[in-house]
Amino acid sequence: MRKAWLLGGGAVGVCLGFLALLVVGTYSAAAGIRNNGGAVALVKGAVPALYQGLVEKWGTLCPAINPALLAAQLYQESGWNPKAQSPAAAQGIAQFIPGTWSAHGVDGDGDGDRDVWDPADAIPSAASYDCKLAGYVKKAPGDPTDNMLAAYNAGAYAVIKYGGVPPYRETQNYVKIIRTLEKSFARPVGRVQPSRQAAGAIYFAQQKLGTKYLWGGNGTPEHGGRFDCSGLTQAAYRTVGIELPRVANDQYNAGPHPSRDELLPGDLVFFSDDLANSRAIRHVGLYVGGGYMINAPYTGAVIRFDKIDTPDYFGATRVTKDGAAALPTARPAE
């Protein structure tokens, strides 16, 4: 739920007037935009501050990994939860099973023990294990990082046998997910490509202006067609064939992150009381240009235009289909 940042009624009419022009102009204005790739520095706030130093330090342990890739693995494994435990007995922030931990866990903080529940040991162990796997498959043809990830999922023998990523759907999907998530943790080195689906998402949200807010609302008949913030953005992108997660802090990882001066209509914009931790994000809106978004603000309000330049502005995401597909979807409403 977001704090109130009120927009005067007169400005709403102005927004409606320029909205169509903004959407139509999105693609021509971005005609020269390209994603130069190659970035390995972390986006500010993407990794919780408590773990950022560890990820930055250990994410450079060997050439096959980088901080953004290590962050993507940890996020995909546990969502940054150091107490996570899976039905298969995988444990901790890096989700090591006991046998793998016994063989590959390291004392990352030098305190004399190897504790799978301690991120100061588990994060270095994840990086160390990645690098060992990269060493095992270093002679296999293809991208070394893809091969390392494939070895993590299917075993080094399978990568060596097939001369690269093996033809297993699960393994190929795992590699694609991590490489896609990597982009959402990496600081872009250039402008990122515009979203082709932006205009459709904005069109949907525009039709909902004036609809009353409902906490947990998904816009379904049982909810009276009402939404909360992330329910609205999820529904808007669903109309253009992109399925976002339900909660705002997971939607943040649905693509790369343009800076404030690079925003385009259709970008998701996020707000938080902790500007150093994406997991603390509590509100999301759909940017429409000119410093405004369409959003479902809070109980008692209606879906409306609001300014984005407020003290709790966290950052933005340019949604991609692959980026959204790489994210968890089975988390409760915010």
Under 3.5 Å, is there a donor-acceptor pair between the side chain of [X] and the main chain of [Y]?
X      : Y      : result
Ser125 : Gly105 : no
Thr180 : Lys176 : yes
Gln95  : Ala84  : yes
Arg187 : Leu42  : yes
Tyr287 : Gly290 : yes
Asn173 : Ile177 : no
Thr211 : Arg226 : no
Lys321 : Gly241 : yes

Take the angle between the ring planes of Phe185 and Trp80 and call it parallel below 30°, perpendicular above 60°, tilted in between.
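It falls in the perpendicular class, over 60°.
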Over 60° means perpendicular and under 30° means parallel, so tell me whether Tyr152 and Tyr174 are parallel, tilted or perpendicular.
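Parallel: the ring planes of Tyr152 and Tyr174 meet at under 30°.
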Under 3.5 Å, is there a donor-acceptor pair between the [X] and [Y] side chains?
X      : Y      : value
Asn147 : Tyr136 : no
Asn218 : Thr220 : no
Gln52  : Glu56  : yes
Ser230 : Gln251 : no
Asp261 : Ser259 : yes

Minimal non-hydrogen separation, Arg246 against Gly217, with atom names:
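Scanning both residues, the minimum pair turns out to be NH2-O, 3.3 Å.
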With ring centroids as reference points, do Phe271 and Phe314 lie under 6.0 angstrom apart?
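No, they do not, as the ring centres are separated by 6.0 Å or more.
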Is there a side-chain contact between Ile178 and Thr145 in this structure, where contact means two heavy atoms from C-beta onward sitting under 4.5 Å apart?
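No, every pair of side-chain atoms sits at 4.5 Å or beyond.
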